Amino acid sequence: MTPPAIMWFRRDLRLSDHPALLAAADSGEVLPLFVLDDRLLGPAGEPRKHFLYDCLRALDHDLGGRLHIAHGDPVKVVPEIARKLGAGSVHVSADTGPYGRERDEQVRTALGDIDFVRTGSPYAVTPGRVRKQDGEPYRVFTPFRRAWLDHGWRKPAKSGVDSARWTTLKGGRKIPAGKSELPAGERAALQVWADFRDGALADYDAGRDRPDRNGTSYLSAYLRWGCVHPRTLLADLGPGNETFRSELAWREFYADVLWHQPRTARENYDRKFDKFEHDSGRTAQRRFEAWCEGRTGYPVVDAGMRQLLAENWMHNRVRMIVASFLVKDLHVPWWWGARHFMRNLIDGDLASNQHNWQWVAGCGTDAAPYFRIFNPITQGEKFDPNGDYVRKYVPELRGVQGKAVHKLDKLPGEYPAPIVDHADERRVSLERYDAIRT
DNA sequence: CGTCTGTTGAT
DNA sequence: TCAACAGAC
């Protein structure tokens, strides 16, 4: 029997929002499909891929082993399969991640006579919907957030999935201190959410900035792969959870920005930064490599970069610190760092990642003022006051007691000397920003 | 989602 | 000597 429809799981690997789909899949009326493209493959054995594979395995389990996994460029593969099966329609979430408006149009064109049906999106408000009075997209976060809240969203779908069918993740580690492993799938996502909601959320305002603690939600990877829908989270939030709601709003804002301007995944949102002077050549390359490998000689920076390599995840506060360091102390183009993040982060999302980098670099929407340059030492002392985070990821510094891990002149010889002087490079950055100011 | 500098007033 | 704060970048 030929499936009359294809349900293409692009990055929404959950079923609770699609109870009808489950029934349709059971009866064979729908072919659930996931397409692995080259970007999702990468070198074998990469933990990020394990997470995705585990998510797919969980989804496949929930679908009773009916998930079809194809490989290649979705723009080619999806229409091929649709034709081969004689499918009448392809259903997929709209406008997400790298597959923004442009990609969707390519797919629609390639499908020809076959219907291309959007089934929603992994956002509370589908990108492109929140507009200013004049119909233009918002360029500044705060008014966007206001309008986004006013726009509202429907309640999350009542789970139509028999919870007994959900993959039980036996042996899947709980989100522990500095989790190095995330259990995959929808059920795990909901468990992580419940843990956070009933725990760290109460102290989120201050707690989220402490990399030495478990104050963040650890939901980014689940949101990235669509294991949980943001509406499910939003529905649980109360009036006291403004900060966490804002974090979700940032995710929606950047998805909206990228949807309107796909070029900003690679280029400066603010074009006057196209003239900004970066370092290049061998020195920049060497410094970039030192940054990637976590041997810049600045403890918090190195701890963060090593956490990224070890766990394919980095605490958000530390992401800001290392990003600021790369751009403003090493004078490397933001997209070098953004690419390194995308290649290594389990939660790497094109919209959030690229635009947060642009925010740090000062060239993005609503960007940080150019003069806002993090002092990596002060940041370390402020947010890792006892040095626990640094010691955890930088073995050379394990013998250094307490907050002394942040004192550059008191570090042991086996730890790298600072590759640059922060005060000097700060001045260089300010001069270069000055040069492009209009 | 910052830092630096200078000022003030308390210790 | 230093916390707290304002203003500039």
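Remember, predicted model here, so these are calculated numbers, not experimental data.
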Pairs touching residues 319-328 of chain A that satisfy salt bridge (charged side-chain N to carboxylate O under 4.0 Å, His left out), sequence neighbours left out: A/Arg319-A/Asp347
Do any N or O atoms of the protein come closer than 3.5 Å to N or O atoms of nucleotides 4-7 of chain B, and which pairs are they?
| unit_1 | atom_1 | unit_2 | atom_2 | d |
| --- | --- | --- | --- | --- |
| B/dC4 | OP1 | A/Asn375 | ND2 | 3.3 |

Nearest-Å distance for atom pair [atom1]/[atom2], residues [X] and [N]:
{"X": "A/His315", "N": "B/dC1", "atom1": "NE2", "atom2": "C1'", "value": "12 Å"}
{"X": "A/Phe371", "N": "B/dC1", "atom1": "CZ", "atom2": "P", "value": "11 Å"}
{"X": "A/Phe374", "N": "C/dC9", "atom1": "CZ", "atom2": "P", "value": "21 Å"}
{"X": "A/Ile373", "N": "C/dA8", "atom1": "CD1", "atom2": "C1'", "value": "14 Å"}
{"X": "A/Asn356", "N": "B/dC1", "atom1": "CG", "atom2": "P", "value": "13 Å"}
{"X": "A/Tyr433", "N": "B/dG2", "atom1": "OH", "atom2": "C1'", "value": "13 Å"}
{"X": "A/Asn316", "N": "B/dC1", "atom1": "CG", "atom2": "C1'", "value": "9 Å"}
{"X": "A/Gln358", "N": "B/dC1", "atom1": "CD", "atom2": "P", "value": "18 Å"}

Stem segments of DNA chain C by first residue number [Watson-Crick or G-U, under 3.5 Å, at least 3]: B:2-10 with C:1-9
Here the side chain to side chain donor-acceptor pair (under 3.5 Å) pairs for residues 139-148 of chain A, sequence neighbours left out, are A/Arg139-A/Tyr269, A/Arg145-A/Glu242, A/Arg145-A/Ser246, A/Trp148-A/Glu252
Nearest 0.5 Å, please: how far is NE2 in A/His260 from CZ in A/Arg101? 7.0 Å
Please lay out, stage by stage, how A/Glu186 and A/Ser16 fare under the test side-chain hydrogen bond (donor to acceptor under 3.5 Å, both in side chains). CA-CA 8 Å; A/Glu186 179 169 8; A/Ser16 58; 2.4 Å; yes
On the nucleotide B/dC1, are OP1 or OP2 found under 4.0 Å from the side-chain N or O atoms that A/Arg210 carries?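 Checking B/dC1 against A/Arg210, no side-chain N or O comes under 4.0 Å of OP1 or OP2.
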Is A/Gln379 near enough to B/dC1 that one of its side-chain N or O atoms lies under 4.0 angstrom from OP1 or OP2?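 It does not, given that no N or O in the side chain of A/Gln379 lies less than 4.0 Å from OP1 or OP2 of B/dC1.
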Pairs satisfying ring-ring contact (aromatic ring centres under 6.0 Å, His included), at least one member in residues 336-356 of chain A, at least two apart: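 Passing the test, one end in residues 336-356 of chain A: A/Tyr254-A/His355, A/Phe288-A/Trp336, A/Trp291-A/His340, A/Phe341-A/Trp357.
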Checking all strands, does A/Glu247 fall into the base, sugar-phosphate, or nothing category for heavy-atom contacts under 4.0 angstrom? base
Sequence neighbours left out, cut at 3.5 Å: what donor-acceptor pairs do the side chains of residues 409-416 of chain A make with other protein atoms?
| unit_1 | atom_1 | unit_2 | atom_2 | d |
| --- | --- | --- | --- | --- |
| A/Tyr415 | OH | A/Tyr298 | N | 3.3 |
| A/Tyr415 | OH | A/Tyr298 | O | 3.4 |
| A/Tyr415 | OH | A/Asp302 | OD2 | 2.5 |

Between the side chains of A/Asn268 and A/Trp334, is a donor N or O closer than 3.5 angstrom to an acceptor N or O?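 A/Asn268 vs A/Trp334: donor-acceptor pair found between side chains.
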Parallel, tilted or perpendicular: which describes the rings of A/Tyr138 and A/Phe144, with under 30° parallel and over 60° perpendicular? perpendicular
Sub-3.5 Å donor-acceptor pair from the side chain of A/Arg14 to the main-chain atoms of A/Gly226, do we have one?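 Flag set: sc A/Arg14 to bb A/Gly226 pair under 3.5 Å.
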